[in-house]
Amino acid sequence: MAVKIAVTGFSGRMGRALAEALALSEKAEISAAIVRPGSSLVGADAGEVSGLGRNGLAIVDCLEKADFDVLIDFTAPQVTVDNAAYCAAHNLPIVIGTTGFDAEDKASVLAQAEKIPLCLASNFSTGVNLCFKLLETAARVMGEEADIEIVEAHHRHKVDAPSGTALSMGEVVADTLGRDLGTVAVYGREGQTGVRDRETIGFATVRGGDVVGEHSVMFLAEGERVEINHRASSRLSFARGAVRAALWLSGGAEGHRAPGHYDMRDVLGLN
């Protein structure tokens with residue numbers, strides 16, 4: 001029997017990508033498509049809205065009207081806080097790709113992991129999570145002798161900066177080197193900045209056009225430079241990863257996984 005997956009934020013770019021990924025899956029199916037209350041899409045056929053052909057699934061405006069085994073949430077921080085609380089109250093796993101949390105909202109979301117299995121990741125792409133592993137190695141080998149800079153680019157509609165993926169990359173490097181990212185991060189430079197502090201990790205952000213997502217981490221040493229890059233050409237890579245995480249949380253016939261905070265590296269067996 002296919003795992004029933006609900007997609008909230010269905011009207012957005014990731015919502016449509018998730019609909020496509022679920023249509024391609026042999027083990028999961030979309031059982032609910034959820035949009036914000038008051039949306040003109042409420043009641044419309046989810047298949048038609050996603051461009052995949054009519055499927056008879058009517059779009060709804062709240063979780064109470066949805067039937068699902070796992071929720072996938074790529075929305076906004078406050079919406080995700082409420083959705084995570086709903087899932088915890090109903091013993092339902094949740095996969096979260098929302099970014100831009102402040103410390104309070106993130107803590108509120110993660111508190112639900114005491115009750116349910118919760119997968120929160122800044123990026124669900126297999127390639128990006130492989131990059132996280134490569135960054136650990138690069139930081140161990142070169143981190144003390146290199147200046148480290150992170151550059152990311154996304155489409156003009158992205159509202160948070162730096163991207164959650166860029167921040168996660170910085171956290172991987174900082175943790176490996178025993179540094180506190182909150183202390184050593186530098187977000188943009190202007191004017192007379194002085195000589196670069198070797199301990200810092202720099203971030204630069206580009207926004208424009210329809211860039212799906214590009215990240216580059218540079219280890220700049222005397223006489224050589226190592227770069228670890230990832231470029232996404234389609235949101236489908238993120239969507240398929242999120243579906244994979246949902247199936248992993250569901251646990252199949254044995255029932256869903258134990259309560260806890262998981263990330264995509266747990267799903268891929270990289271941790």
Side-chain angles (χ1 to χ4, degrees), residues 7-24 30 33-36 39-41 46 48-52 59 72-81 83 95-102 105-106 109 119-132 135 149-172 185-190 201-218 227-246 263-264:
V7 175
T8 188
F10 189 77
S11 61
R13 296 174 184 82
M14 275 304 300
R16 292 192 293 272
L18 285 162
E20 183 178 357
L22 286 164
L24 293 170
I30 185 167
I34 305 156
V35 296
R36 68 183 182 278
S39 170
S40 61
L41 294 176
E48 288 186 343
V49 170
S50 61
L52 298 173
I59 295 175
I72 300 181
D73 184 334
F74 282 74
T75 55
Q78 188 53 56
V79 176
T80 301
V81 168
N83 289 344
V95 173
I96 298 172
T98 302
T99 59
F101 290 107
D102 61 24
D105 284 345
K106 187 172 184 179
V109 167
C119 183
L120 171 64
S122 59
N123 196 301
F124 284 89
S125 154
T126 299
V128 163
N129 283 276
L130 176 58
C131 285
F132 290 150
L135 285 169
E149 297 285 318
I150 301 173
V151 181
E152 59 98 347
H154 283 84
H155 53 89
R156 64 189 303 274
H157 299 286
K158 187 168 177 60
V159 297
D160 57 305
S163 70
T165 300
L167 291 171
S168 291
M169 288 176 164
E171 288 170 355
V172 168
V186 174
Y187 301 105
R189 297 183 178 89
E190 183 180 8
I201 297 174
F203 290 83
T205 296
V206 177
R207 292 287 178 268
D210 61 355
V211 179
V212 174
E214 298 184 3
H215 296 85
S216 178
V217 183
M218 293 177 279
E227 293 188 29
I228 295 175
N229 302 299
H230 182 270
R231 293 178 175 84
S233 57
S234 169
R235 289 181 180 83
L236 189 58
S237 62
F238 310 134
R240 296 187 82 158
V243 171
R244 182 171 179 174
D263 63 25
M264 194 59 184

Please find the pair of heavy atoms, one from [X] and one from [Y], that lie closest to each other, and give the distance.
| X | Y | answer |
| --- | --- | --- |
| Ala242 | Ile72 | O-CD1, 3.9 Å |
| Leu41 | Ser11 | CD1-CB, 3.5 Å |
| Phe203 | Ala185 | CE1-CB, 3.8 Å |
| Ala245 | Cys119 | CB-SG, 4.1 Å |
| Pro162 | Glu152 | CA-OE2, 3.3 Å |
| Thr99 | Ser122 | CG2-O, 4.2 Å |

- Query: Regarding Thr80 and Thr75, is there a side-chain donor-to-acceptor distance under 3.5 Å anywhere?
  - Reply: yes
With sequence neighbours excluded, what pairs up with [X] under the salt bridge (charged side-chain N to carboxylate O under 4.0 Å, His left out) test?
| X | value |
| --- | --- |
| Glu20 | none |
| Arg13 | none |
| Lys158 | Asp160 |

In Å and rounded to the nearest 0.5 Å, what is the [atom1] to [atom2] distance from [X] to [Y]?
| X | Y | atom1 | atom2 | value |
| --- | --- | --- | --- | --- |
| Asn83 | Asp73 | CG | CG | 5.0 Å |
| Tyr187 | Ile150 | OH | CD1 | 9.0 Å |
| Arg244 | Thr126 | CZ | OG1 | 5.5 Å |
| Leu130 | Ser125 | CG | OG | 9.0 Å |
| Ile228 | Ser216 | CD1 | OG | 9.0 Å |

- Using the side-chain contact (heavy atoms from CB on, under 4.5 Å) rule, take Ile34 and Phe10 through it: C-alpha gap first, then chi angles, then the decisive distance, then the call. CA-CA 6 Å; Ile34 305 156; Phe10 189 77; 5.7 Å; no
Check whether any side-chain heavy atom of [X] lies under 4.5 Å from a side-chain heavy atom of [Y], and answer yes or no.
| X | Y | answer |
| --- | --- | --- |
| Leu135 | Met169 | yes |
| Ser168 | Asn123 | no |
| Val186 | Ile201 | no |

- Task: Evaluate the criterion side-chain contact (heavy atoms from CB on, under 4.5 Å) for residue pair Leu120 and Asp263; output intermediate values, then yes/no.
- Result: CA-CA 5 Å; Leu120 171 64; Asp263 63 25; over 6 Å; no
- Task: Verify, without hydrogens or angle tests, whether Ser39 (side chain) and Arg36 (backbone) share a donor-acceptor contact under 3.5 angstrom.
- Result: no
- Task: Output yes when a side-chain donor or acceptor of Arg207 lies under 3.5 Å from a complementary backbone atom of Ala153, and no otherwise.
- Result: no
- Partners passing side-chain contact (heavy atoms from CB on, under 4.5 Å) against Val212 (at least two apart in sequence or in another chain): Ala232, Arg235, Phe238
- For Phe74, enumerate each residue passing the ring-ring contact (aromatic ring centres under 6.0 Å, His included) test, keeping only those at least two apart in sequence or located in another chain. Phe124
- Identify, with sequence neighbours excluded, every residue that meets ring-ring contact (aromatic ring centres under 6.0 Å, His included) alongside Phe101. none
- Message: Taking CG in Asp210 as the centre, count heavy atoms belonging to other residues, nucleotides or ligands within less than 6.0 Å. Is the count above 12?
- Response: no
- Item | Step-by-step side-chain contact (heavy atoms from CB on, under 4.5 Å) determination, Ser163 to His215 | CA-CA 9 Å; Ser163 70; His215 296 85; 2.8 Å; yes
- Please lay out, stage by stage, how Ile30 and Leu18 fare under the test side-chain contact (heavy atoms from CB on, under 4.5 Å). CA-CA 9 Å; Ile30 185 167; Leu18 285 162; over 6 Å; no
